[in-house]
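We count ligands from 1, going down the list as the structure has it; atoms in each ligand are counted the same way. We number each residue from 1, following the sequence as shown. Since we're looking at a predicted model, the values are computed, not measured.
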Amino acid sequence: MQKRGDQRGHLCVAEFEKEIPFEIKRVYWIYGTAQGIERGFHAHKQLKQVAVAVAGSCEIELNDGKSTETVTLQSPDQGLVIGPGIWRVMRNFSEDCVLLVFADALYNEADYIRNYEEFLNYNVI
Ligand code: T46
């Protein structure tokens, strides 16, 4: 994210076609996550998102059906692009974590793949 700082502190900017590679249709945020909780366990068919830990930290495991990578979000100027066809698991939320997510579409349960076998088959097609 574009970070502007001066003696007053920091300001980060997320602009369409710059830091965010899509037009933002929806924003949501996850916070107050209890210790040991894991979230996600799904992929999206079409949805593109950018996740930012605007406070605290968390880990996001990304799996494209062939390999897995874990990214730690721990700075408000760090954004993670999550494209479609990626199985994601979020874990190790710090108590103060606020995970802000920009999405390119409105909420649509039909876009979720919540079954891992289905995900593996979907990605093969
Ligand atoms: C994702 C990861 C990073 C809504 O009604 N509207 C919404 O916009 C969202 C995001 C969720 N919901 C409902 C659906 C469920 O009943 O809120 C409940 C919790 O959602 P979910 O269990 O899908 O939350 P996570 O943390 O597993 O996943 C979320 C997003 O849903 C998902 O798109 O990529 O964060």
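Looking from atom 27 (O) of ligand 1 to the surrounding protein, the closest heavy atom is G40 N, 2.9 Å. Of the protein's non-hydrogen atoms, H42 CE1, 3.2 Å is the one closest to atom 28 (O) of ligand 1. With hydrogens left out, the protein atom closest to atom 21 (P) of ligand 1 is R114 NH2, 4.0 Å, a heavy atom. Nearest non-hydrogen protein atom to atom 8 (O) of ligand 1 is R26 NH1, 2.5 Å. The protein non-hydrogen atom at the shortest distance from atom 24 (O) of ligand 1 is R39 NH2, 3.3 Å.
Counting heavy atoms from C-beta outward, F102 and Q49 have side chains that stay 4.5 Å or more apart. Put simply, the side chain of R39 reaches to within 4.5 Å of the side chain of I30, judged on heavy atoms. At least one side-chain heavy atom of Q2 sits under 4.5 Å from a side-chain heavy atom of E19.
For atom 33 (O) of ligand 1, the candidate residues are R88, E109, H44; the nearest heavy-atom contact is made by H44. Nearest to atom 14 (C) of ligand 1 by heavy-atom distance, out of Y28, Y107, F41, Y112, is Y107.
Looking at R88, its side chain never comes within 3.5 Å of a backbone N or O of E61 through a donor-acceptor pair.
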TODO: Go through the steps to decide whether E17 and E23 satisfy the test side-chain contact (heavy atoms from CB on, under 4.5 Å), and finish with yes or no.
DONE: CA-CA 8 Å; E17 280 181 344; E23 207 166 330; over 6 Å; no
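Within a 4.0 Å radius of atom 4 (C) of ligand 1, the protein contributes one or more non-hydrogen atoms.
Contact annotation: E38 has no heavy atom less than 4.0 Å from any atom of ligand 1.
Close approach to I30 involves these atoms of ligand 1, each under 4.0 Å from a residue heavy atom: 26 (O), 35 (O).
Contact between P76 and V52 at its shortest, heavy atoms only, is O-CG1, 3.4 Å. Contact detail for L73 and A51: the closest heavy-atom pair is CD1-O, 3.8 Å.
Residue L47 has no N or O atom closer than 3.5 Å to an N or O atom of ligand 1.
For F119 and Y116, the ring centers are positioned less than 6.0 Å apart.
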